[in-house]
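Have a look at the structure below, then the notes.
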Amino acid sequence: MTIATTETTSAKGKYYPVLDLVRFVAAMLIVFIHVFPEGSSASSVGFDASVPMLLAESFVFALLRGGVPLFFLISSFLLFRRIEADKENKWKLVGAFCLRLLYLYLFWYVVALPLTIRDIVGFVSVNDTYGLIRYIVITLWKGAPRGFWFLVALALGILISAKIEGKKPLIALLVLSGILYAYGCLNSAYFGLFQLSDDPFSRIFYMVGDYLELAYCPLEGLFFVALGKVFALHGPFKIKGNVPFIVLAFLLMVGELFLTLYLGIHVYADAFFTLPLFVFLLLNRLLPIETKSASFALTAKRLKKVGSFSYLFHVQFFVYMHWILDASGYNPFRENVYLLFLPYLAAVLLCFLLQPLFERLSHHRYLGFLKYSY
């Protein structure tokens with residue numbers, strides 16, 4: 001994730017322009033995920049839920065959902081590569097990293113504060129005490145409810161992973177975080193299994209999942225941060241047939257997503273069992289790629305900045321847009337889902353235009369932290 005690891009450079013000074021480009025592409029995919037006004041599923045905003053549609057949607061989701069874990073993997077990889085080269089300043093680097101995330105969290109939380117106040121007033125006005133408490137719990141657990149959960153998840157994952165020293169403890173961390181990730185999968189893509197059952201275990205599982213909204217929570221992010229540290233210390237790995245395996249892993253994701261959609265148990269596609277395999281193999285193939293083109297490196301770096309900024313900006317744009325249109329009494333994007341490509345293009349264009357402005361503002365004495373937005 002480019003949000004906090006500001007340089008795509010390894011401990012030995014090796015630059016990874018391909019990772020910059022990948023982060024930009026991943027950011028554009030994530031922007032696309034959030035363009036829909038209700039939920040993440042195309043079916044939830046008006047598409048025909050036929051078998052061909054569900055299959056097509058599964059391919060789209062399999063592509064889109066690789067973006068977030070790639071950000072976690074790349075951020076963790078780059079940070080721990082730096083730490084490996086300067087172990088004496090390990091906690092100084094980790095502290096600076098997490099402080100940057102805190103600055104960003106507070107700044108963008110203030111930007112989204114009117115939306116948060118609106119939500120709280122809405123719960124209070126209808127005397128929905130349960131909804132209000134759940135809203136506050138989710139805010140504390142996953143960060144501000146405007147798309148900033150990844151800042152909390154990344155900081156927590158880095159702090160825990162940095163504490164782990166040695167090969168065996170790292171393996172233990174991978175196993176534990178893998179179990180937590182699997183639990184998160186059951187609370188997202190397979191949540192409906194427990195929602196439809198009436199046994200005591202399912203009722204408890206459903207209640208916890210519904211209350212804490214454990215779909216891509218910080219505990220799930222920890223798994224990808226731990227994998228990033230493994231890459232920093234021991235990767236990339238020699239895997240024969242890496243590219244065919246990437247294709248196979250992608251098809252497995254498509255099949256898994258189609259199964260959950262077809263059976264009607266799919267609630268969120270945030271986390272599913274075959275996703276880590278895909279991003280692991282993909283990053284393993286990307287790291288050995290080298291380019292000596294200076295123009296490519298400059299372009300990739302510029303795109304990385306726009307991608308980082310878009311990650312923080314786009315959710316605010318979409319939510320405010322729908323809020324204003326709904327308040328006016330007419331929101332064409334809720335009636336014709338195909339028109340949503342227009343605000344998507346508008347959001348991307350604004351990111352290209354506003355990122356240089358933020359870069360200039362970051363040179364101000366009291367706004368230096370804004371540089372972490374790009």
Side-chain angles (χ1 to χ4, degrees), residues 1-30 62-87 93 97 154 157-158 161-162 164 167 170-171 173-174 177-178 181 221 223-253 274-308 311:
M1 184 179 299
T2 54
I3 300 304
T5 35
T6 56
E7 296 297 331
T8 318
T9 307
S10 75
K12 298 180 181 179
K14 181 180 179 180
Y15 181 59
Y16 293 86
V18 172
L19 295 187
D20 280 347
L21 183 60
V22 169
R23 286 186 283 185
F24 170 74
V25 173
M28 293 302 101
L29 294 176
I30 292 166
L63 180 64
L64 296 178
R65 290 300 173 180
V68 174
L70 276 173
F71 272 118
F72 277 80
L73 271 169
I74 293 173
S75 289
S76 177
F77 167 75
L78 294 173
L79 178 63
F80 284 110
R81 287 280 282 184
R82 291 181 61 194
I83 290 175
E84 188 67 12
D86 189 9
K87 293 182 179 180
L93 291 171
F97 181 96
L154 186 58
I158 290 296
S161 297
I164 300 300
K167 190 173 182 179
L170 183 58
I171 293 174
L173 174 65
L174 278 173
S177 60
Y181 177 81
F223 184 49
F224 294 108
V225 171
L227 281 176
K229 183 173 182 178
V230 170
F231 269 108
L233 299 179
H234 307 290
F237 305 93
K238 294 182 180 180
I239 300 177
K240 292 183 179 180
N242 199 124
V243 173
F245 282 137
I246 292 174
V247 175
L248 178 60
F250 179 79
L251 293 176
L252 287 173
M253 286 197 296
T274 48
L275 177 60
L277 177 62
F278 173 72
V279 294
F280 177 88
L281 292 169
L282 182 60
L283 184 62
N284 194 61
R285 179 65 189 90
L286 292 173
L287 288 180
I289 298 177
E290 296 185 8
T291 175
K292 296 182 179 180
S293 172
S295 61
F296 175 82
L298 287 174
T299 301
K301 192 171 185 177
R302 163 72 174 129
L303 291 175
K304 178 204 72 173
K305 292 181 178 181
V306 174
S308 296
Y311 206 129

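Note: hydrogens, waters and symmetry copies are ignored here, and every other heavy atom, side chains too, is used.
Side-chain contact between Leu275 and Tyr181: present, with at least one pair of heavy atoms (C-beta onward) separated by less than 4.5 Å. Using a 4.5 Å cut-off on side-chain heavy atoms (C-beta onward), Phe97 and Arg82 make no contact. Proximity of Phe237 to Val230: side-chain heavy atoms (C-beta onward) are separated by under 4.5 Å at one or more points. By the 4.5 Å heavy-atom criterion applied to side chains, Leu283 and Leu19 are counted as neighbours. Considering only heavy atoms from C-beta on, Phe278 stays 4.5 Å or farther from Thr274 through its side chain.
The minimum heavy-atom distance linking Leu281 with Phe245 is given by the pair CD1-O, 3.5 Å. Pairing each heavy atom of Ala226 with each of Leu173, the nearest pair is CB-CD2, 3.9 Å. Among all heavy-atom pairs drawn from Gly67 and Ala26, the shortest one is CA-CB, 3.8 Å. The minimum heavy-atom distance linking Val279 with Pro69 is given by the pair CG1-CG, 3.8 Å. Across every non-hydrogen atom of Leu70 and Val22, the tightest pair is CD1-CG1, 4.1 Å. Nearest heavy-atom pair across Gly228 and Leu73 is N-CD2, 3.5 Å.
At least one donor-acceptor pair under 3.5 Å links the side chain of Ser76 to the backbone N or O of Lys229. For the pair Asp20 (side chain) and Lys304 (backbone), a donor-acceptor distance under 3.5 Å is absent. Checking side-chain atoms of Ser161 against main-chain N and O of Ile158 turns up no donor-acceptor pair under 3.5 Å.
Listed by chain and number, the residues in a side-chain hydrogen bond (donor to acceptor under 3.5 Å, both in side chains) with Arg302 are Gln355 (sequence neighbours excluded).
Distance check: Phe77 CZ to Leu233 CG gives 10.0 Å after rounding to the nearest 0.5 Å. The CZ atom of Phe224 sits 12.5 Å away from the CD1 atom of Ile74 when rounded to the nearest 0.5 Å. Note: Leu78 CG to Ile83 CD1 = 11.5 Å, rounded to the nearest 0.5 Å. To the nearest 0.5 Å, atom CG of residue Asn284 and atom CG of residue Leu227 are 11.0 Å apart. Between the CG atom in Leu29 and the CZ atom in Phe24 there is a gap of 10.0 Å [rounded to 0.5 Å].
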Is there a side-chain contact (heavy atoms from CB on, under 4.5 Å) between Leu286 and Tyr16? Walk through the geometry before answering. CA-CA 9 Å; Leu286 292 173; Tyr16 293 86; over 6 Å; no
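Note: Phe223 and Phe280 fail the aromatic proximity criterion, with ring centroids not under 6.0 Å apart.
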